2 protein chains.
Amino acid sequence: MQRKFQAIYDLIAREIQAEKMEAGQLLPSENELTERFETSRETVRKALQLLSQNGYIQKLQGKGSVVLEQNKLPLPVSGLTSFKELARSMSQTVETQVLALKQKLAEGYIQEVLQCEKGTPVWELHRLRKLDGEAVIYDKDLLLAACAPALTEAIARDSIYDYLEQDVGLSISYARKEVVVEEAGSADAEVMDMGGYQQLAVVRSAVYLEDTTLFQYTESKHRPDKFRFVDFARRTK
Amino acid sequence: MQRKFQAIYDLIAREIQAEKMEAGQLLPSENELTERFETSRETVRKALQLLSQNGYIQKLQGKGSVVLEQNKLPLPVSGLTSFKELARSMSQTVETQVLALKQKLAEGYIQEVLQCEKGTPVWELHRLRKLDGEAVIYDKDLLLAACAPALTEAIARDSIYDYLEQDVGLSISYARKEVVVEEAGSADAEVMDMGGYQQLAVVRSAVYLEDTTLFQYTESKHRPDKFRFVDFARRTK
DNA sequence: CAGTGGTCTAGACCACCAA
DNA sequence: TGGTGGTCTAGACCACTGC
């Protein structure tokens, strides 16, 4: 199965990103796209709906689909994006240092945030992210060990999501996130370059698999001057 | 036109919110819903897709649609939600004070952020939001005057979105948002109760109409301890 | 194997926009 | 008025799940 609507989406999204389609221009009509891709109109519409959701186009009844301006400097902590994917879009030098990687048995706080049985094996992972040599992001992860049997420092330094999705074959599906600003604790100040700041932007995420298992809880602390969260949202009526 | 899929969505969403459907339970199958609502399966699927997007359910191929746990304390600055809608879900007392409401002609900074012609009439609106008597949110709005001809202090104190959508008949469509943490300026400290904090969580939004007109630019500054941004995100592959 | 959701089709009618 | 997108239908075949 190759998913026609996905192929149509990819093609048009790439053209917009490559600015072969300029902002303000109209896409070919749905009927025209239906002919061009030799498919049905509903399939074309699925592709266009995806483009609309992701901020590529705006559909106008009676007129057509307008190409929207693309965000420059996309630094999306929004959506479900890992640090590695994020780092790619930044020009700065990026380095990840693994401070701790050990298995524990769930109890108390861990048991609570992962909503699992007492005694469930869990990975505890602490990582420090350096931009241009400065330690400005501090990630603490808790993961169900059953989902990531062979986690290593090398994987943690690279990308956990790549490992889980490509090697273990897990399907990460959705997450609930929360962004707040909190006082930096003494433990934070010990490992991070605080640069005189006393507060941290904290992103807490609960990440779920396709079968609705909660398998990861992450606390990501950012030095405020290095923090930015961008979002594209449609009005729901 | 009453949109069947919307009616099905509303009904199921309300049942989940009212916890008539418990988290973990399976929804009736698509075929069963098709019969129950006397419609076609594609229409049922449109409703279920909406429920999935908004975090109500998770679809599992071969099994069914699982009801997800609802967020307690939904305080969504995420999505496109106005202060009034937001305030409703909070137990605290809420008060809005209009500090300034005047028309200007666009130039320089205003012209740039609203991407309009020099000399375009623009509303400039400053509002202070008080929770439990403390001034903890400071909103600065710029709006195209052409879209909101008769803006008054009373409207600004109530809800601009209600006025625009219900009275003027505008359709707000989407927004790009950015969250950052910044130093509080002396002007901010003068009007806000800073409670010893030196920094502010700043949400900048550009809001667009259905015809892709950029009509509002907002800067919303929150005292860090009163700021919270929650998000539901699906992984895009 | 039967039942589930995932994809796709060909056609219909409607609401909206511009000429 | 003709073209656009919005909604809906009835049916088909596929992939996956659990028994």
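In the text below, chain A, chain B and the rest are named by the order of the sequence lines, each starting its count at 1. If you're wondering where the values come from, they're calculated on a predicted model, not measured in any experiment.
Projected onto DNA chain C by closest heavy-atom contact, A:Phe5 and B:Glu32 fall at different nucleotides, the more 5' of which corresponds to B:Glu32. Take the nearest nucleotide of DNA chain D for A:Gly62 and for B:Thr43: the residue whose nucleotide is more 5' is A:Gly62. Between B:Arg41 and B:Lys46, the one whose closest nucleotide on DNA chain D sits nearer the 5' end is B:Lys46.
Nucleic acid contact class of A:Leu60 (heavy atoms, under 4.0 Å, all strands): sugar-phosphate only.
Side-chain contact check for A:Arg157 and A:Thr96: no donor-acceptor pair (N or O, by modelled atom type) lies under 3.5 Å. For the residue pair A:Thr120 / A:Gln111, no side-chain donor-acceptor distance below 3.5 Å is found, with atom types taken as modelled. A donor-acceptor contact closer than 3.5 angstrom links the side chains of B:Thr213 and B:Asp211. With 3.5 Å as the limit, one finds no donor-acceptor pair spanning the side chains of B:Glu32 and B:Thr34.
Rounding to whole angstrom units, CD of residue A:Glu30 and P of D:dT7 are separated by 11 Å. A:Gln61 has its CD atom 14 Å from the P atom of C:dC14, to the nearest Å. As a whole-Å value, the separation of B:Glu42 CD from C:dG6 P is 11 Å. In this structure, the NZ atom of A:Lys4 is 14 Å from the P atom of D:dC14, given to the nearest Å. Whole-Å rounding puts the A:Gln49 CD to D:dT7 C1' distance at 13 Å. To the nearest angstrom, C1' of C:dG5 lies 12 Å from CG of B:Leu33. Rounded to a whole Å, the CG atom of A:Leu26 is 10 Å from the P atom of D:dT4. In this structure, B:Glu35 places its CD atom 13 Å from C1' of C:dG3, rounding to the nearest Å.
The C1' atoms of five pairs define one axis at each end of the helix from C:dC1-D:dG18 to C:dA18-D:dT1, and these two axes lie 10° apart (to 10°).
Contact annotation: A:Thr39 reaches the phosphate of C:dT9 (side-chain N/O to OP1 or OP2, under 4.0 Å). Phosphate proximity of C:dG3 to B:Lys63: absent, as no side-chain N or O sits under 4.0 Å from OP1 or OP2. Look at A:Ser29 and you'll find a side-chain N or O under 4.0 angstrom from OP1 or OP2 of D:dT4. Contact between the side-chain N/O atoms of A:Lys59 and the OP1/OP2 oxygens of D:dT4 is not found at any separation under 4.0 Å.
Sequence neighbours left out, the pairs with a member in residues 41-58 of chain A that pass salt bridge (Lys or Arg N to Asp or Glu O under 4.0 Å) are A:Glu30-A:Arg41, A:Glu30-A:Arg45.
Side-chain atoms of A:Phe5 and A:Phe37, non-hydrogen and from C-beta on, never get closer than 4.5 Å to each other.
The aromatic rings of A:Tyr174 and A:Tyr208 lie parallel to each other, with less than 30° between the two planes, well short of the 60° mark.
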